[in-house]
Number of protein chains: 2
Amino acid sequence: MRAKDENKAIVIREKAMEMIVSQGFDGLSMHKLAKAAGISVSTIYIYFKNREDLLNQLYAEATGIFVQTMLDGFSADMTFEQGLWQQWRNRYHHILRHPLHHRFWEQFRNSPLIEKQNDPCEQRFKQTMRDFVANAEEKKEIVKLPPEIFWAIAYGTFYTLVKFHLDNSTMAGLPFTLSDELLKLTFDRVMQALRL
Amino acid sequence: MRAKDENKAIVIREKAMEMIVSQGFDGLSMHKLAKAAGISVSTIYIYFKNREDLLNQLYAEATGIFVQTMLDGFSADMTFEQGLWQQWRNRYHHILRHPLHHRFWEQFRNSPLIEKQNDPCEQRFKQTMRDFVANAEEKKEIVKLPPEIFWAIAYGTFYTLVKFHLDNSTMAGLPFTLSDELLKLTFDRVMQALRL
DNA sequence: AACGCTTAAAAGAACAATCATTCTTTTATC
DNA sequence: GATAAAAGAATGATTGTTCTTTTAAGCGTT
(Lines give C-alpha, C1' and ligand atoms only; values in the text may rest on other atoms or scores of the structure.)
Protein backbone atom coordinates (compact mmCIF):
# COMPACT_ATOMS: atom_id res chain seq x y z
CA MET A 1 0.00 0.00 0.00
CA ARG A 2 0.92 3.59 -0.50
CA ALA A 3 -0.81 6.46 1.27
CA LYS A 4 -2.48 9.34 -0.59
CA ASP A 5 -0.59 12.57 -0.34
CA GLU A 6 -3.21 15.06 0.86
CA ASN A 7 -0.79 17.86 0.07
CA LYS A 8 -1.27 17.06 -3.60
CA ALA A 9 -5.02 17.54 -3.39
CA ILE A 10 -4.48 20.90 -1.72
CA VAL A 11 -1.97 22.05 -4.33
CA ILE A 12 -4.32 20.97 -7.13
CA ARG A 13 -7.24 22.90 -5.62
CA GLU A 14 -5.11 25.98 -5.08
CA LYS A 15 -3.67 26.06 -8.57
CA ALA A 16 -7.07 25.35 -10.10
CA MET A 17 -8.60 28.32 -8.33
CA GLU A 18 -5.74 30.56 -9.41
CA MET A 19 -6.16 29.51 -13.01
CA ILE A 20 -9.90 30.11 -13.01
CA VAL A 21 -9.57 33.51 -11.40
CA SER A 22 -6.81 34.71 -13.70
CA GLN A 23 -7.82 33.09 -16.98
CA GLY A 24 -11.55 32.61 -16.72
CA PHE A 25 -13.59 29.47 -16.38
CA ASP A 26 -12.32 27.85 -19.54
CA GLY A 27 -8.77 28.73 -18.52
CA LEU A 28 -8.79 25.62 -16.35
CA SER A 29 -7.61 22.66 -18.43
CA MET A 30 -6.49 19.42 -16.86
CA HIS A 31 -3.22 19.42 -18.79
CA LYS A 32 -2.32 22.99 -17.87
CA LEU A 33 -3.38 22.35 -14.28
CA ALA A 34 -1.12 19.29 -14.06
CA LYS A 35 1.81 21.28 -15.37
CA ALA A 36 1.12 24.14 -12.92
CA ALA A 37 0.91 21.70 -9.99
CA GLY A 38 4.03 19.89 -11.11
CA ILE A 39 2.36 16.51 -11.41
CA SER A 40 1.03 14.23 -14.12
CA VAL A 41 -2.43 14.60 -15.63
CA SER A 42 -3.62 11.22 -14.49
CA THR A 43 -2.62 11.96 -10.90
CA ILE A 44 -5.38 14.57 -10.76
CA TYR A 45 -7.88 11.80 -11.44
CA ILE A 46 -6.73 9.95 -8.34
CA TYR A 47 -7.92 12.80 -6.14
CA PHE A 48 -10.86 14.03 -8.25
CA LYS A 49 -13.35 11.98 -10.21
CA ASN A 50 -13.28 14.43 -13.11
CA ARG A 51 -13.22 18.13 -13.97
CA GLU A 52 -16.76 18.68 -12.77
CA ASP A 53 -16.02 17.04 -9.43
CA LEU A 54 -13.02 19.31 -9.00
CA LEU A 55 -15.13 22.41 -9.68
CA ASN A 56 -17.79 21.27 -7.24
CA GLN A 57 -15.20 20.72 -4.53
CA LEU A 58 -13.79 24.18 -5.14
CA TYR A 59 -17.24 25.70 -4.87
CA ALA A 60 -18.03 23.78 -1.70
CA GLU A 61 -14.74 24.86 -0.13
CA ALA A 62 -15.32 28.52 -0.96
CA THR A 63 -18.92 28.40 0.27
CA GLY A 64 -17.93 26.74 3.54
CA ILE A 65 -15.32 29.33 4.43
CA PHE A 66 -17.63 32.14 3.35
CA VAL A 67 -20.61 31.07 5.46
CA GLN A 68 -18.42 30.41 8.49
CA THR A 69 -16.82 33.84 8.29
CA MET A 70 -20.12 35.61 7.74
CA LEU A 71 -21.75 34.43 10.95
CA ASP A 72 -18.78 35.37 13.13
CA GLY A 73 -19.95 37.69 15.90
CA PHE A 74 -23.42 37.88 14.38
CA SER A 75 -26.80 36.79 15.67
CA ALA A 76 -30.29 37.33 14.26
CA ASP A 77 -31.53 39.25 17.30
CA MET A 78 -28.96 42.04 17.17
CA THR A 79 -29.95 45.64 16.56
CA PHE A 80 -30.41 46.04 12.84
CA GLU A 81 -27.73 48.67 12.51
CA GLN A 82 -25.27 46.64 14.57
CA GLY A 83 -26.09 43.43 12.73
CA LEU A 84 -25.84 44.79 9.23
CA TRP A 85 -22.61 46.56 10.06
CA GLN A 86 -21.20 43.32 11.45
CA GLN A 87 -22.19 41.60 8.19
CA TRP A 88 -20.46 44.26 6.16
CA ARG A 89 -17.34 44.06 8.28
CA ASN A 90 -17.27 40.27 8.08
CA ARG A 91 -17.69 40.35 4.32
CA TYR A 92 -15.08 43.06 3.96
CA HIS A 93 -12.49 41.21 6.01
CA HIS A 94 -13.26 37.93 4.34
CA ILE A 95 -12.63 39.48 0.95
CA LEU A 96 -9.37 41.08 2.08
CA ARG A 97 -8.24 37.79 3.60
CA HIS A 98 -9.32 35.52 0.76
CA PRO A 99 -9.43 37.64 -2.41
CA LEU A 100 -8.95 34.49 -4.49
CA HIS A 101 -11.95 32.78 -2.93
CA HIS A 102 -14.09 35.86 -3.42
CA ARG A 103 -13.12 36.26 -7.08
CA PHE A 104 -13.75 32.58 -7.69
CA TRP A 105 -17.13 32.80 -5.99
CA GLU A 106 -18.12 35.84 -8.09
CA GLN A 107 -17.06 34.04 -11.24
CA PHE A 108 -19.02 30.96 -10.25
CA ARG A 109 -22.13 32.96 -9.43
CA ASN A 110 -22.02 34.86 -12.72
CA SER A 111 -21.46 31.87 -14.91
CA PRO A 112 -24.50 30.79 -16.95
CA LEU A 113 -23.28 27.20 -16.95
CA ILE A 114 -23.46 26.36 -13.31
CA GLU A 115 -26.88 25.58 -11.96
CA LYS A 116 -27.12 27.20 -8.60
CA GLN A 117 -26.86 24.39 -6.13
CA ASN A 118 -28.32 24.91 -2.68
CA ASP A 119 -26.39 23.07 -0.06
CA PRO A 120 -27.90 22.86 3.45
CA CYS A 121 -25.09 24.98 4.86
CA GLU A 122 -26.00 27.85 2.55
CA GLN A 123 -29.72 27.35 3.23
CA ARG A 124 -29.22 27.72 6.96
CA PHE A 125 -27.29 30.93 6.39
CA LYS A 126 -30.08 32.38 4.27
CA GLN A 127 -32.69 31.48 6.87
CA THR A 128 -30.67 33.29 9.53
CA MET A 129 -30.56 36.37 7.33
CA ARG A 130 -34.31 36.29 6.72
CA ASP A 131 -34.99 36.03 10.44
CA PHE A 132 -32.70 38.97 11.07
CA VAL A 133 -34.55 41.20 8.59
CA ALA A 134 -37.97 40.09 9.84
CA ASN A 135 -36.96 40.98 13.39
CA ALA A 136 -35.81 44.43 12.39
CA GLU A 137 -39.03 45.11 10.50
CA GLU A 138 -41.10 44.04 13.49
CA LYS A 139 -39.13 46.28 15.82
CA LYS A 140 -39.78 49.15 13.36
CA GLU A 141 -36.05 49.68 12.91
CA ILE A 142 -36.36 49.63 9.13
CA VAL A 143 -39.04 50.03 6.48
CA LYS A 144 -40.82 46.93 5.26
CA LEU A 145 -39.58 46.21 1.77
CA PRO A 146 -39.69 43.28 -0.61
CA PRO A 147 -36.62 41.19 0.22
CA GLU A 148 -35.14 41.76 -3.23
CA ILE A 149 -35.21 45.53 -2.82
CA PHE A 150 -33.81 45.28 0.66
CA TRP A 151 -31.02 43.05 -0.52
CA ALA A 152 -30.24 45.25 -3.53
CA ILE A 153 -29.80 48.34 -1.33
CA ALA A 154 -28.08 46.66 1.60
CA TYR A 155 -25.71 44.35 -0.27
CA GLY A 156 -25.75 45.44 -3.92
CA THR A 157 -24.19 48.69 -2.82
CA PHE A 158 -21.58 46.87 -0.78
CA TYR A 159 -20.55 44.43 -3.48
CA THR A 160 -20.34 47.12 -6.13
CA LEU A 161 -18.00 49.06 -3.89
CA VAL A 162 -15.88 45.97 -3.29
CA LYS A 163 -15.71 45.31 -7.01
CA PHE A 164 -14.28 48.80 -7.51
CA HIS A 165 -11.72 48.03 -4.85
CA LEU A 166 -10.68 44.70 -6.34
CA ASP A 167 -10.57 46.05 -9.89
CA ASN A 168 -8.76 49.06 -8.47
CA SER A 169 -10.58 51.21 -10.99
CA THR A 170 -13.91 52.89 -11.36
CA MET A 171 -16.10 54.51 -13.94
CA ALA A 172 -13.66 57.39 -13.95
CA GLY A 173 -10.76 55.05 -14.69
CA LEU A 174 -8.91 56.36 -11.65
CA PRO A 175 -7.40 54.10 -8.98
CA PHE A 176 -9.56 53.40 -5.96
CA THR A 177 -8.81 51.75 -2.65
CA LEU A 178 -11.46 50.90 -0.11
CA SER A 179 -10.81 51.67 3.56
CA ASP A 180 -12.62 51.22 6.86
CA GLU A 181 -13.68 54.87 6.84
CA LEU A 182 -15.04 54.78 3.31
CA LEU A 183 -16.92 51.60 4.15
CA LYS A 184 -18.49 53.23 7.21
CA LEU A 185 -19.37 56.35 5.20
CA THR A 186 -21.20 54.19 2.67
CA PHE A 187 -22.87 52.19 5.40
CA ASP A 188 -24.31 55.31 7.02
CA ARG A 189 -25.84 56.30 3.68
CA VAL A 190 -27.33 52.88 3.17
CA MET A 191 -28.81 52.94 6.66
CA GLN A 192 -30.47 56.23 5.78
CA ALA A 193 -32.12 54.51 2.84
CA LEU A 194 -33.44 51.64 4.93
CA ARG A 195 -34.62 53.49 8.06
CA LEU A 196 -38.32 54.02 8.61
CA MET B 1 -17.45 39.76 -58.65
CA ARG B 2 -19.85 38.65 -56.06
CA ALA B 3 -21.23 40.98 -53.39
CA LYS B 4 -20.90 40.29 -49.66
CA ASP B 5 -24.15 39.26 -48.03
CA GLU B 6 -24.44 41.62 -45.06
CA ASN B 7 -27.27 39.47 -43.73
CA LYS B 8 -24.72 36.75 -43.05
CA ALA B 9 -22.64 39.05 -40.85
CA ILE B 10 -25.76 39.94 -38.89
CA VAL B 11 -26.79 36.32 -38.41
CA ILE B 12 -23.29 35.42 -37.29
CA ARG B 13 -23.22 38.22 -34.73
CA GLU B 14 -26.67 37.30 -33.43
CA LYS B 15 -25.96 33.61 -33.05
CA ALA B 16 -22.57 34.33 -31.49
CA MET B 17 -24.16 36.50 -28.82
CA GLU B 18 -26.79 33.87 -28.10
CA MET B 19 -24.15 31.21 -27.68
CA ILE B 20 -22.04 33.31 -25.33
CA VAL B 21 -25.01 34.28 -23.19
CA SER B 22 -26.38 30.75 -22.90
CA GLN B 23 -23.18 28.73 -22.75
CA GLY B 24 -20.61 31.10 -21.36
CA PHE B 25 -17.62 32.69 -23.01
CA ASP B 26 -15.96 29.46 -24.00
CA GLY B 27 -19.28 28.22 -25.37
CA LEU B 28 -18.54 30.16 -28.54
CA SER B 29 -16.61 27.94 -30.92
CA MET B 30 -16.24 28.75 -34.59
CA HIS B 31 -17.46 25.30 -35.65
CA LYS B 32 -20.56 25.38 -33.47
CA LEU B 33 -21.22 28.96 -34.54
CA ALA B 34 -21.03 27.99 -38.22
CA LYS B 35 -23.48 25.17 -37.65
CA ALA B 36 -25.87 27.43 -35.74
CA ALA B 37 -25.74 30.07 -38.47
CA GLY B 38 -26.19 27.46 -41.20
CA ILE B 39 -22.97 28.32 -42.99
CA SER B 40 -19.47 26.95 -43.37
CA VAL B 41 -16.69 27.65 -40.90
CA SER B 42 -14.52 29.43 -43.40
CA THR B 43 -17.34 31.78 -44.36
CA ILE B 44 -17.11 33.35 -40.90
CA TYR B 45 -13.54 34.32 -41.73
CA ILE B 46 -14.74 36.30 -44.72
CA TYR B 47 -16.67 38.65 -42.45
CA PHE B 48 -14.45 38.54 -39.36
CA LYS B 49 -10.68 38.47 -39.22
CA ASN B 50 -10.72 35.92 -36.39
CA ARG B 51 -12.45 35.01 -33.15
CA GLU B 52 -11.06 37.99 -31.30
CA ASP B 53 -12.24 40.39 -34.00
CA LEU B 54 -15.72 38.90 -33.76
CA LEU B 55 -15.79 39.39 -29.99
CA ASN B 56 -14.60 42.98 -30.31
CA GLN B 57 -17.30 43.75 -32.86
CA LEU B 58 -19.93 42.26 -30.56
CA TYR B 59 -18.69 44.38 -27.68
CA ALA B 60 -18.62 47.52 -29.81
CA GLU B 61 -22.15 46.88 -31.02
CA ALA B 62 -23.51 46.33 -27.51
CA THR B 63 -21.70 49.41 -26.19
CA GLY B 64 -22.99 51.59 -29.01
CA ILE B 65 -26.63 50.69 -28.48
CA PHE B 66 -26.22 51.00 -24.71
CA VAL B 67 -24.71 54.50 -24.74
CA GLN B 68 -27.24 55.74 -27.29
CA THR B 69 -30.19 54.47 -25.22
CA MET B 70 -28.78 55.84 -21.98
CA LEU B 71 -28.63 59.45 -23.11
CA ASP B 72 -32.17 59.46 -24.48
CA GLY B 73 -34.14 62.28 -22.83
CA PHE B 74 -31.23 63.02 -20.52
CA SER B 75 -29.05 66.07 -20.11
CA ALA B 76 -26.41 66.92 -17.51
CA ASP B 77 -28.24 70.02 -16.25
CA MET B 78 -31.45 68.30 -15.22
CA THR B 79 -32.61 68.18 -11.62
CA PHE B 80 -30.69 65.40 -9.94
CA GLU B 81 -33.80 63.44 -9.03
CA GLN B 82 -35.23 63.79 -12.53
CA GLY B 83 -31.93 62.95 -14.17
CA LEU B 84 -31.14 59.88 -12.13
CA TRP B 85 -34.67 58.58 -12.54
CA GLN B 86 -34.39 59.07 -16.30
CA GLN B 87 -31.15 57.08 -16.22
CA TRP B 88 -32.81 54.28 -14.30
CA ARG B 89 -35.76 54.21 -16.66
CA ASN B 90 -33.51 54.22 -19.70
CA ARG B 91 -31.45 51.39 -18.31
CA TYR B 92 -34.50 49.45 -17.28
CA HIS B 93 -36.15 49.73 -20.68
CA HIS B 94 -32.92 48.99 -22.48
CA ILE B 95 -32.54 45.78 -20.51
CA LEU B 96 -36.14 44.74 -21.17
CA ARG B 97 -35.73 45.49 -24.88
CA HIS B 98 -32.31 43.91 -25.32
CA PRO B 99 -31.89 41.31 -22.58
CA LEU B 100 -29.37 39.49 -24.75
CA HIS B 101 -27.19 42.57 -25.13
CA HIS B 102 -27.35 43.24 -21.42
CA ARG B 103 -26.40 39.69 -20.47
CA PHE B 104 -23.57 39.75 -22.96
CA TRP B 105 -22.34 43.06 -21.62
CA GLU B 106 -22.41 41.76 -18.04
CA GLN B 107 -20.50 38.66 -19.07
CA PHE B 108 -17.95 40.76 -20.90
CA ARG B 109 -17.50 43.12 -17.96
CA ASN B 110 -17.03 40.28 -15.48
CA SER B 111 -14.57 38.32 -17.55
CA PRO B 112 -10.98 38.48 -16.33
CA LEU B 113 -9.72 37.96 -19.85
CA ILE B 114 -10.89 41.13 -21.49
CA GLU B 115 -8.83 44.19 -20.75
CA LYS B 116 -11.25 47.01 -20.34
CA GLN B 117 -11.00 49.00 -23.51
CA ASN B 118 -12.06 52.62 -23.43
CA ASP B 119 -13.56 53.71 -26.69
CA PRO B 120 -14.19 57.46 -27.15
CA CYS B 121 -17.95 56.88 -27.28
CA GLU B 122 -17.89 55.41 -23.79
CA GLN B 123 -15.55 58.11 -22.54
CA ARG B 124 -17.93 60.84 -23.63
CA PHE B 125 -20.76 59.12 -21.80
CA LYS B 126 -18.76 58.91 -18.60
CA GLN B 127 -17.83 62.58 -18.83
CA THR B 128 -21.51 63.50 -19.17
CA MET B 129 -22.29 61.49 -16.05
CA ARG B 130 -19.51 63.14 -14.07
CA ASP B 131 -20.75 66.59 -15.06
CA PHE B 132 -24.23 65.62 -13.99
CA VAL B 133 -23.13 64.56 -10.51
CA ALA B 134 -20.87 67.60 -10.09
CA ASN B 135 -23.81 69.88 -10.96
CA ALA B 136 -26.06 68.21 -8.43
CA GLU B 137 -23.43 68.50 -5.70
CA GLU B 138 -22.94 72.19 -6.44
CA LYS B 139 -26.69 72.85 -6.29
CA LYS B 140 -26.71 71.07 -2.90
CA GLU B 141 -29.20 68.52 -4.17
CA ILE B 142 -27.09 65.61 -2.92
CA VAL B 143 -24.28 64.99 -0.47
CA LYS B 144 -20.72 65.20 -1.72
CA LEU B 145 -19.39 61.67 -1.88
CA PRO B 146 -16.43 59.95 -3.50
CA PRO B 147 -17.61 58.95 -6.99
CA GLU B 148 -17.21 55.24 -6.21
CA ILE B 149 -19.54 55.44 -3.24
CA PHE B 150 -22.03 57.48 -5.19
CA TRP B 151 -21.96 55.01 -8.03
CA ALA B 152 -22.24 52.01 -5.71
CA ILE B 153 -25.39 53.37 -4.09
CA ALA B 154 -27.01 54.84 -7.20
CA TYR B 155 -26.27 52.06 -9.68
CA GLY B 156 -25.07 49.07 -7.69
CA THR B 157 -28.51 48.91 -6.13
CA PHE B 158 -30.16 49.14 -9.53
CA TYR B 159 -28.08 46.48 -11.22
CA THR B 160 -28.43 44.06 -8.33
CA LEU B 161 -32.19 44.43 -8.58
CA VAL B 162 -32.07 43.86 -12.33
CA LYS B 163 -29.96 40.76 -11.82
CA PHE B 164 -32.64 39.35 -9.54
CA HIS B 165 -35.19 40.07 -12.25
CA LEU B 166 -33.20 38.43 -15.04
CA ASP B 167 -32.29 35.42 -12.92
CA ASN B 168 -35.90 35.36 -11.78
CA SER B 169 -34.72 34.26 -8.38
CA THR B 170 -33.36 35.79 -5.23
CA MET B 171 -31.56 34.87 -2.07
CA ALA B 172 -34.81 33.31 -0.92
CA GLY B 173 -34.97 31.15 -4.04
CA LEU B 174 -38.43 32.46 -4.81
CA PRO B 175 -39.42 33.88 -8.20
CA PHE B 176 -39.12 37.63 -8.60
CA THR B 177 -40.30 39.98 -11.34
CA LEU B 178 -39.35 43.62 -11.47
CA SER B 179 -42.03 46.21 -12.28
CA ASP B 180 -42.25 49.98 -12.74
CA GLU B 181 -43.67 50.37 -9.24
CA LEU B 182 -40.97 48.29 -7.57
CA LEU B 183 -38.36 50.23 -9.47
CA LYS B 184 -39.82 53.53 -8.27
CA LEU B 185 -40.03 52.24 -4.72
CA THR B 186 -36.35 51.36 -4.81
CA PHE B 187 -35.46 54.65 -6.43
CA ASP B 188 -37.14 56.64 -3.65
CA ARG B 189 -35.09 54.75 -1.08
CA VAL B 190 -31.86 55.38 -2.98
CA MET B 191 -32.68 59.08 -3.23
CA GLN B 192 -33.07 59.14 0.53
CA ALA B 193 -29.54 57.79 0.84
CA LEU B 194 -28.07 60.42 -1.48
CA ARG B 195 -29.93 63.53 -0.33
CA LEU B 196 -28.10 66.11 1.75
C1' DA C 1 17.90 -4.68 9.41
C1' DA C 2 17.19 -6.79 4.82
C1' DC C 3 14.41 -9.21 1.84
C1' DG C 4 10.28 -9.97 -1.24
C1' DC C 5 5.35 -9.30 -1.98
C1' DT C 6 1.34 -6.69 -2.45
C1' DT C 7 -1.05 -2.64 -3.55
C1' DA C 8 -2.07 1.62 -5.03
C1' DA C 9 0.02 6.08 -6.14
C1' DA C 10 2.18 8.34 -9.88
C1' DA C 11 3.79 8.96 -14.49
C1' DG C 12 3.42 9.23 -19.33
C1' DA C 13 1.80 7.70 -23.53
C1' DA C 14 -2.41 7.28 -26.09
C1' DC C 15 -7.32 8.29 -27.30
C1' DA C 16 -10.99 10.47 -29.67
C1' DA C 17 -13.18 14.83 -29.79
C1' DT C 18 -12.94 19.52 -30.50
C1' DC C 19 -10.57 23.87 -31.03
C1' DA C 20 -9.05 28.10 -34.30
C1' DT C 21 -7.40 28.72 -38.60
C1' DT C 22 -6.07 27.92 -43.47
C1' DC C 23 -5.85 25.49 -48.04
C1' DT C 24 -8.17 23.91 -51.99
C1' DT C 25 -12.06 23.49 -54.63
C1' DT C 26 -16.63 24.82 -56.12
C1' DT C 27 -20.21 28.12 -57.03
C1' DA C 28 -22.59 32.29 -57.92
C1' DT C 29 -22.69 36.97 -59.64
C1' DC C 30 -21.04 40.89 -62.19
C1' DG D 1 -14.78 34.64 -68.26
C1' DA D 2 -13.10 37.09 -64.29
C1' DT D 3 -13.46 37.44 -59.36
C1' DA D 4 -14.52 36.75 -54.92
C1' DA D 5 -17.98 34.48 -51.94
C1' DA D 6 -18.86 30.08 -50.01
C1' DA D 7 -18.05 25.34 -48.98
C1' DG D 8 -15.55 21.54 -47.16
C1' DA D 9 -11.58 19.13 -46.29
C1' DA D 10 -7.31 19.40 -43.85
C1' DT D 11 -3.92 21.07 -40.24
C1' DG D 12 -1.84 21.08 -35.97
C1' DA D 13 -2.77 22.22 -31.31
C1' DT D 14 -5.45 21.38 -27.21
C1' DT D 15 -9.24 19.42 -24.82
C1' DG D 16 -11.00 15.63 -21.02
C1' DT D 17 -10.29 11.08 -19.96
C1' DT D 18 -8.25 6.41 -19.89
C1' DC D 19 -4.68 2.64 -20.59
C1' DT D 20 -0.36 0.84 -19.57
C1' DT D 21 3.71 0.95 -17.23
C1' DT D 22 6.74 2.31 -13.49
C1' DT D 23 7.61 3.47 -8.77
C1' DA D 24 7.27 3.82 -3.95
C1' DA D 25 5.24 2.78 0.53
C1' DG D 26 3.58 -0.51 3.99
C1' DC D 27 3.78 -5.27 6.03
C1' DG D 28 5.03 -9.94 7.25
C1' DT D 29 8.81 -13.06 7.08
C1' DT D 30 13.67 -14.00 7.73
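Computed from a predicted model, the values in this text were never measured in an experiment. Convention: sequence-line order gives letters A, B, ...; per-chain numbering from 1.
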TODO: With DNA chain C as reference, determine whether B:Asn50 or B:Arg2 sits nearer its 5' end, using the nearest nucleotide of each.
DONE: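 Its nearest nucleotide being more 5', the pick is B:Asn50.
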Open item on the list: Nearest heavy atom decides the nucleotide; on that basis, is B:Ala3 or B:Arg51 closer to the 5' end of DNA chain C?
Closed with: B:Arg51
TODO: Consider only side-chain N and O atoms of B:Gln87 and B:Arg91, and report whether a donor and an acceptor are under 3.5 Å apart.
DONE: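 Looking only at side-chain atoms, B:Arg91 and B:Gln87 do form a donor-acceptor pair, the distance falling under 3.5 Å.
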- [ ] Please list, by residue number, the residues of residues 33-41 of chain A whose heavy atoms come closer than 4.0 Å to an atom of DNA chain C; answer none if no residue qualifies.
- [x]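 Nucleic-acid contacts, sorted: A:Ile39, A:Ser40.
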Could you give the [atom1]-to-[atom2] distance, from [X] to [N], as a whole number of Å?
| X | N | atom1 | atom2 | value |
| --- | --- | --- | --- | --- |
| A:Tyr45 | D:dG16 | OH | P | 7 Å |
| B:Met30 | D:dG8 | CE | C1' | 16 Å |
| B:Lys8 | D:dA4 | NZ | P | 17 Å |
| A:Ile46 | D:dT17 | CD1 | C1' | 14 Å |
| B:Glu6 | D:dA4 | CD | P | 17 Å |
| A:Phe48 | D:dG16 | CZ | C1' | 16 Å |
| A:Asp53 | D:dT18 | CG | P | 12 Å |

- [ ] Answer whether the closest heavy-atom distance between the side chains of A:Ile20 and A:Phe108 falls below 4.5 Å.
- [x] no
- [ ] Evaluate the side-chain proximity of B:Asn56 to B:Phe48: yes if any heavy-atom separation is below 4.5 Å, no if none is.
- [x]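 No, their side chains stay 4.5 Å or more apart.
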Task: Below 4.0 Å: OP1/OP2 of D:dT15 and any side-chain N or O of A:Ser29 - done: yes
- [ ] Begin from the C-alpha positions of B:Gln127 and B:Arg124 and carry the test side chain to side chain donor-acceptor pair (under 3.5 Å) through to its verdict.
- [x] CA-CA 5 Å; B:Gln127 188 55 52; B:Arg124 201 149 20 84; over 6 Å; no
Task: Ring centers of A:His94, A:His98 separated by less than 6.0 Å - done: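 Between A:His94 and A:His98, the centre distance is under 6.0 Å.
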- [ ] Sequence neighbours left out, what pairs pass side chain to side chain donor-acceptor pair (under 3.5 Å) with at least one residue falling in residues 64-76 of chain A?
- [x] A:Ser75-A:Asp77
Task: Pairs meeting criterion side chain to side chain donor-acceptor pair (under 3.5 Å) with involvement of residues 181-196 of chain A, two or more places apart - done: A:Glu81-A:Arg195, A:Lys184-A:Asp188
Open item on the list: Just to verify, what does B:Ser22 make a side-chain contact (heavy atoms from CB on, under 4.5 Å) with, not counting sequence neighbours?
Closed with: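 In terms of side-chain contact (heavy atoms from CB on, under 4.5 Å), with neighbours along the sequence ignored, B:Ser22 is linked to no residue.
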Task: Sugar-phosphate only, base, or nothing, as touched by B:Tyr47 at under 4.0 Å among non-hydrogen atoms - done: sugar-phosphate
Open item on the list: Taking any heavy-atom pair under 4.0 Å as a contact, classify B:Leu28: base, sugar-phosphate, or nothing.
Closed with: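 Touches sugar-phosphate only.
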- [ ] Check every nucleotide of DNA chain C for an atom under 4.0 Å from a heavy-atom of chain B, then give the first and the last such nucleotide from 5' to 3'.
- [x] C:dC19 to C:dC30
Open item on the list: Can you work out whether A:His31 or B:Thr43 has the more 5'-proximal nearest nucleotide on DNA chain D?
Closed with: B:Thr43
Open item on the list: Please enumerate all residues that pass side chain to side chain donor-acceptor pair (under 3.5 Å) together with B:Lys144, with sequence neighbours excluded.
Closed with: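 Partners of B:Lys144 by the side chain to side chain donor-acceptor pair (under 3.5 Å) criterion, ordered by chain and then number, come out as B:Glu137.
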